[in-house]
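Counting starts at 1 for both ligands and their atoms, following the listed order. Not measured: the values here are computed from a predicted model. We use all heavy atoms of the structure for the numbers below, so side chains are in, but hydrogens, waters and symmetry mates are not.
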Amino acid sequence: MSLSPERLDRFARHIVLPEVGGAGQVALAGKHLVLVGLGGIGSPALQYLAAAGIGKLTLVDDDKVDASNLQRQTLYNERDIGHGKAISAKRWVKLFDPELDVEISDRRIDIERAATLVEGADLVLDGTDNFATRLAVSDACVKAGVPLLSAAVGRFQGQVGAFAGHLPEEACYRCFVGDAFDAEDCDTCAEDGMLGAMAGWVGSFAALHAVRVLLDGVSAYGDAQWSRVNLLDGIKPGMRQFTIAKDPACKGCGGDVG
Ligand SMILES: [Zn+2]
């Protein structure tokens, strides 16, 4: 696979980076990323991932655009209000770069649908706001052997973690949060509030890390950093990173997984 002169020009600022290079850009063009959640995290993440030339994108969200989303969900404008987020996001990508292959799913994720959606992907990025979906996506990723980048944000705190629970030594997202949140009882930004740019920081950091994962083994920037979670603090501001241990008794990736 090689890039056309138009694509070489479009991605010139990537290609000139020794850490990415032509090999990295060609690799990105051949990758399939599934983005679950097209809200405050998914919006800026998708903008940077589409801009990075990731060849195939599957966009997943069952929600519709609401006026109160525009404070942080940068993909959308007033014309999109009342329309589905998935179809609106696809429209954005097609205007931005018609060469990218985009599929959408606008139905609510359950365990079965999660398995279908993640099958064959190179990476899943989850930026949804409820634990039931996050855990269903995580379990599906472990079963399918697909890496997961999990990103969350609330108020002024964000977290982005890279998980490869299908590997014998690496934790999954369920090892990190446990089973307590299987029910949809968590706080959401509807109750908590959130500074819009905080979602932007977490979403763009998730896109940065997605590129890092997708370039693992391809070029120098590639370094998946599995089982590590980055905490982003918008008050201080600052970042720190910690490592999650694999839980041998984990329902998602422990020994008794079929
Ligand atoms: Zn696990």
**OP:** Using a strict 4.0 Å threshold on nitrogen-to-oxygen distance, state whether D129 and R134 make a salt bridge.
**Re:**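 Salt bridge: no.
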Original post:
Taking 4.0 angstrom as the limit, do K90 and E103 come out as a salt bridge?
Top reply: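 No salt bridge links K90 with E103.
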Subject >> Y221 atom OH: more than 12 heavy-atom contacts under 6.0 Å >> reply: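 Counting neighbours around OH of Y221, more than 12 heavy atoms of other residues, nucleotides or ligands fall under 6.0 Å, so yes.
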Original post:
What pairs meet the salt bridge (charged side-chain N to carboxylate O under 4.0 Å, His left out) rule with one or both residues in residues 163-173, with sequence neighbours excluded?
Top reply: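 Every pair satisfying salt bridge (charged side-chain N to carboxylate O under 4.0 Å, His left out) with a residue in residues 163-173: there are none.
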**OP:** List the steps, then state whether ring-ring contact (aromatic ring centres under 6.0 Å, His included) holds for W92 with F96.
**Re:** CA-CA 6 Å; W92 181 89; F96 178 75; 4.8 Å; yes
Original post:
Ignoring water, what protein N, O or S atoms are under 2.8 Å from the Zn ion (ligand 1)?
Top reply: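 Per the 2.8 Å query on the Zn ion (ligand 1), atoms found are C172 SG, C175 SG, C250 SG, C253 SG.
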Subject >> Donor-acceptor contact present, side-chain S105 to main-chain V60, <3.5 Å >> reply: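 Checking the backbone N and O of V60 against the side chain of S105, no donor-acceptor pair under 3.5 Å is found.
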